Amino acid sequence: QDNLFFATGGATAGTSAANELLISTAITVGTNNTFTAVASSSPVSLTGPGNLTINGGVTAGQNILLAQTRNITGDKITINNSITSNSGTITVSAEKDVDPTLVGVLTTTGQTITVTGDRDATGAGRVDLRGNVTSNGGNITITGTGVAQLSGIINSGNATVTIDGNSTASAGSRGIINLVGTIQTTSTSPSALVIRDAASVNLAGTITLSDSVSGTLKIGGTDADAIT
């Protein structure tokens, strides 16, 4: 079985045609294969939507990449089903917003999960989490100009979790971090759970650091990583 790649792009500039990509049915690729879906930015002057929407579950043996590459207000990645990599990483990367719904869950087996809003660091692009994010021992990194965990569980097993509210170096573009769900890690790292780089932080959910001796919660940081 081959790697699977979906992408949109190439419509005429200035038209109402869309570079929107919709995955509506379940997709499974083989043990040694990757899955990639990209809603392209070519050209940026399209007036139609440039969203990536995942309604069908995706399972791959190796790395999964979901990307939205046009920097237009309203464009986003929406995940309405389960995304599972059995032996690889999961990367979700949007120029604008990332919005996994209640049933939009991300799962790896010991590999990293990286979710990024505002990938191009222009100061606009949120991440709103509602479903579970589970890595079973891979580091989890959630970054955007504003990060909200509105429900669900982030569980990294014995690896680290980083929540970063700002994808640029400018204090003026820092977003708000709002954590209402549950975050769990058994990591022994001094950076077991890092919450940083935001205008403000609201901790209204549950945080569990199972290693009470070495596992550390770190809020804020110096310079660009500070909570302002």
Side-chain angles (χ1 to χ4, degrees), residues 62-65 83-94 98 100 105-121 123 125-228:
Q62 299 300 316
N63 297 344
I64 294 174
L65 170 62
I83 309 297
T84 303
S85 175
N86 293 324
S87 299
T89 64
I90 292 177
T91 302
V92 182
S93 178
V98 180
V105 301
L106 309 177
T107 306
T108 63
T109 307
Q111 303 296 324
T112 62
I113 297 176
T114 304
V115 180
T116 304
D118 190 21
R119 186 195 64 83
D120 57 353
R126 296 180 47 79
V127 175
D128 291 330
L129 298 174
R130 294 174 176 82
N132 295 342
V133 179
T134 306
S135 68
N136 294 291
N139 294 337
I140 296 175
T141 304
I142 313 294
T143 304
T145 304
V147 175
Q149 184 199 19
L150 303 174
S151 59
I153 299 172
I154 298 174
N155 188 333
S156 65
N158 60 4
T160 64
V161 177
T162 301
I163 309 292
D164 191 317
N166 172 32
S167 58
T168 76
S170 169
S173 65
R174 283 194 171 99
I176 295 172
I177 294 176
N178 182 29
L179 303 177
V180 179
T182 297
I183 300 177
Q184 299 171 338
T185 174
T186 62
S187 172
T188 61
S189 168
S191 302
L193 173 57
V194 176
I195 302 170
R196 68 186 183 195
D197 209 358
S200 63
V201 175
N202 175 39
L203 302 178
T206 301
I207 293 175
T208 302
L209 300 174
S210 297
D211 190 292
S212 59
V213 177
S214 302
T216 302
L217 166 63
K218 180 180 179 181
I219 299 179
T222 60
D223 301 326
D225 288 333
I227 306 296
T228 58

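Keep in mind that the numbers below use all heavy atoms, side chains included, and drop hydrogens, waters and symmetry copies. Since this is a predicted model, take the numbers as computed values, not measurements.
At least one side-chain heavy atom of N136 sits less than 4.5 Å from a side-chain heavy atom of T107. You'll find the side chain of L217 reaches within 4.5 Å of the side chain of I195, heavy atoms only. With contacts defined as side-chain heavy-atom distances shorter than 4.5 Å, the pair L193/I183 qualifies.
When all heavy atoms of A159 and S187 are compared, the closest pair comes out as O-CB, 3.3 Å. For the residue pair V98 and V92, the shortest heavy atom distance occurs at CG1-CG1, 3.8 Å. The two residues P190 and T216 come nearest to each other via the heavy atoms O-CB, 3.1 Å. For the residue pair N158 and G137, the shortest heavy atom distance occurs at OD1-CA, 3.4 Å. Here the shortest heavy-atom pairing between G88 and N63 reads CA-OD1, 3.3 Å. Across all their heavy atoms, G165 and A198 have their closest contact at CA-CB, 4.5 Å.
For the atom pair CD1 (I163) and CZ (R196), the distance works out to 10.0 Å, reported to the nearest 0.5 Å. Interatomic distance, L203 CG to I177 CD1, rounded to the nearest 0.5 Å: 9.0 Å. Note that CD1 of I113 and CD1 of I90 are 5.0 Å apart. Values are rounded to the nearest 0.5 Å. A distance of 9.0 Å separates CG of L129 from CG of L179, quoted to the nearest 0.5 Å.
In this structure, N132 contributes its side chain and I153 its backbone to a donor-acceptor pair below 3.5 Å.
Evaluation of the side chain to side chain contact (heavy atoms under 4.5 Å, CB included) rule for S151 yields L102, R130 as partners, not counting sequence neighbours. Every residue two or more places apart in sequence or in another chain was checked for a side chain to side chain donor-acceptor pair (under 3.5 Å) with T114, and none qualifies. Partners of S156 according to the side chain to side chain donor-acceptor pair (under 3.5 Å) rule, which considers only residues two or more places apart in sequence or in another chain, are T185. Listed by chain and number, the residues in a side chain to side chain contact (heavy atoms under 4.5 Å, CB included) with S87 are Q62 (sequence neighbours excluded). The side chain to side chain contact (heavy atoms under 4.5 Å, CB included) test applied to Q111 returns T89, T108, not counting sequence neighbours. Residues meeting the side chain to side chain contact (heavy atoms under 4.5 Å, CB included) test with A148, sequence neighbours left out: R126, D128, L150, N178. For the side chain to side chain donor-acceptor pair (under 3.5 Å) test, no residue two or more places apart in sequence or in another chain qualifies with T112.
Residue pairs satisfying the salt bridge (charged side-chain N to carboxylate O under 4.0 Å, His left out) criterion with at least one member in residues 198-207, sequence neighbours excluded, are absent.
There is a side-chain donor-acceptor pair under 3.5 Å between T160 and N139.
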**Prompt:** After noting the C-alpha distance and the side-chain angles of I176 and N202, does the key distance pass the side-chain contact (heavy atoms from CB on, under 4.5 Å) rule?
**Reply:** CA-CA 8 Å; I176 295 172; N202 175 39; 5.7 Å; no
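Each of T182, I207, I140 was scored for a side chain to side chain contact (heavy atoms under 4.5 Å, CB included) with I154, with one residue passing: I140.
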